[in-house]
Amino acid sequence: MSIRNKALDLLARREHSRAELRNKLLHGFRNEEQSIDSILDKLENENLLSDQRFTEMYIRGRVAKSIGPIRIISELRQKGVDASLAELVLADLGMEWCAALKALSLQKYGETAAQDDKERAKRIRFFQYKGYPPELIREVVTW
């Protein structure tokens, strides 16, 4: 299978960032970095590969799983997406993060307030793990 066909096969399954696709192709086609880069350039010019489109789809999927903005940006950076692009797409999404965090809290803990400091700390750690900013967590976790 040629490099281009392998790239198209991977893109047909789901969107990939350029860096992610490059790493997968390098794994299968060692010592062909220049060819891979050239093919990726062509795929971008043909609009078959787009970091913008990948970022939009990735963010929608993570938001559906109640993941917060800090974690989303971190995950996208690990996938080779520029942090400024991730932040721009997040801003364009117009997500109401406080409402999302409140919905997550309601889903996870119901309407009951934390009974003690230990329970509050547990909830705070959970929301931090999910990727929400401290100022929003403070609003949601009642003292």
Look up atom CG in Leu40 and atom CG in Leu25, then write down how far apart they are to the nearest 0.5 Å.
6.0 Å
Rounded to the nearest 0.5 Å, what separation is found between the NZ atom of Lys79 and the CG atom of Asn23?
10.5 Å
Counting heavy atoms not belonging to Asn31, are there more than 12 under 6.0 Å from its CG?
no
Minimum-distance pair of heavy atoms, taken over all atoms of Gly80 and Ala19
CA-CB, 3.7 Å
Which is it for Gln115 and Arg120 under the side chain to side chain contact (heavy atoms under 4.5 Å, CB included) test, yes or no, and what are the steps along the way?
CA-CA 8 Å; Gln115 300 301 316; Arg120 270 189 287 284; over 6 Å; no
Any Lys/Arg nitrogen of Arg18 or Asp41 sitting under 4.0 Å from an Asp/Glu carboxylate oxygen of the other?
yes
Closest heavy-atom pair and its distance - Asn5, Ser2
N-OG, 3.1 Å
When hydrophobic residues are tied together by side-chain contacts of less than 4.5 Å, even through go-betweens, does Phe54 share a cluster with Leu49?
no
Taking atom SG of Cys98 and atom OH of Tyr132, what is their separation to the nearest 0.5 Å?
10.0 Å
Is the shortest distance from a Lys or Arg side-chain nitrogen in Arg4 or Glu46 to a carboxylate oxygen in the other one below 4.0 Å?
yes
Test log, rule side chain to side chain contact (heavy atoms under 4.5 Å, CB included), inputs Arg77 and Ile73:
CA-CA 6 Å; Arg77 279 198 317 248; Ile73 290 171; 3.8 Å; yes
Is there a chain of hydrophobic side chains (I, L, V, M, F, W, Y, each step under 4.5 Å between heavy atoms) that links Leu136 to Val140?
yes
Is it the case that one hydrophobic cluster holds both Tyr58 and Ile67, taking links as side-chain heavy atoms less than 4.5 Å apart, direct or via other members?
yes
Sequence neighbours excluded, which residues qualify as side-chain contact (heavy atoms from CB on, under 4.5 Å) partners of Asp9?
Lys6, Arg13
Are Met95 and Ile137 linked, directly or through intermediate hydrophobic residues, by side-chain heavy-atom contacts shorter than 4.5 Å (ILVMFWY only)?
yes
Rounded to the nearest 0.5 Å, how far does CD1 of Ile36 lie from CZ of Arg30?
10.5 Å
How would you list, by chain and number, every residue that makes a side-chain contact (heavy atoms from CB on, under 4.5 Å) with Met57, sequence neighbours excluded?
Glu15, Arg60
Heavy-atom donor-acceptor pair, Glu96 side chain to Gly94 backbone, under 3.5 Å
no
Please report the interatomic distance CG(Asp37) to CD(Glu32), rounded to the nearest 0.5 Å.
11.5 Å
Sequence neighbours excluded, the answer for side chain to side chain donor-acceptor pair (under 3.5 Å) partners of Lys24 is His16
Which value, rounded to the nearest 0.5 Å, describes the distance between Ile124 atom CD1 and Asp117 atom CG?
9.0 Å
Donor-acceptor contact present, side-chain Thr55 to main-chain Asp51, <3.5 Å:
yes
Please determine if Glu119 and Arg123 form a salt bridge, counting it only when a charged side-chain N lies under 4.0 Å from a carboxylate O.
yes
Start with the C-alpha distance between Leu76 and Ile59, add both sets of side-chain angles, then the distance that settles side chain to side chain contact (heavy atoms under 4.5 Å, CB included), and finish with yes or no.
CA-CA 9 Å; Leu76 284 167; Ile59 289 173; 3.9 Å; yes
Say whether Phe29 and Leu26 are linked into one hydrophobic cluster, either directly or through other cluster members, by side-chain heavy-atom distances under 4.5 angstrom.
yes
CA sep, side-chain torsions, deciding dist, call: Trp97, Ile70, side chain to side chain contact (heavy atoms under 4.5 Å, CB included)
CA-CA 11 Å; Trp97 292 109; Ile70 295 171; over 6 Å; no
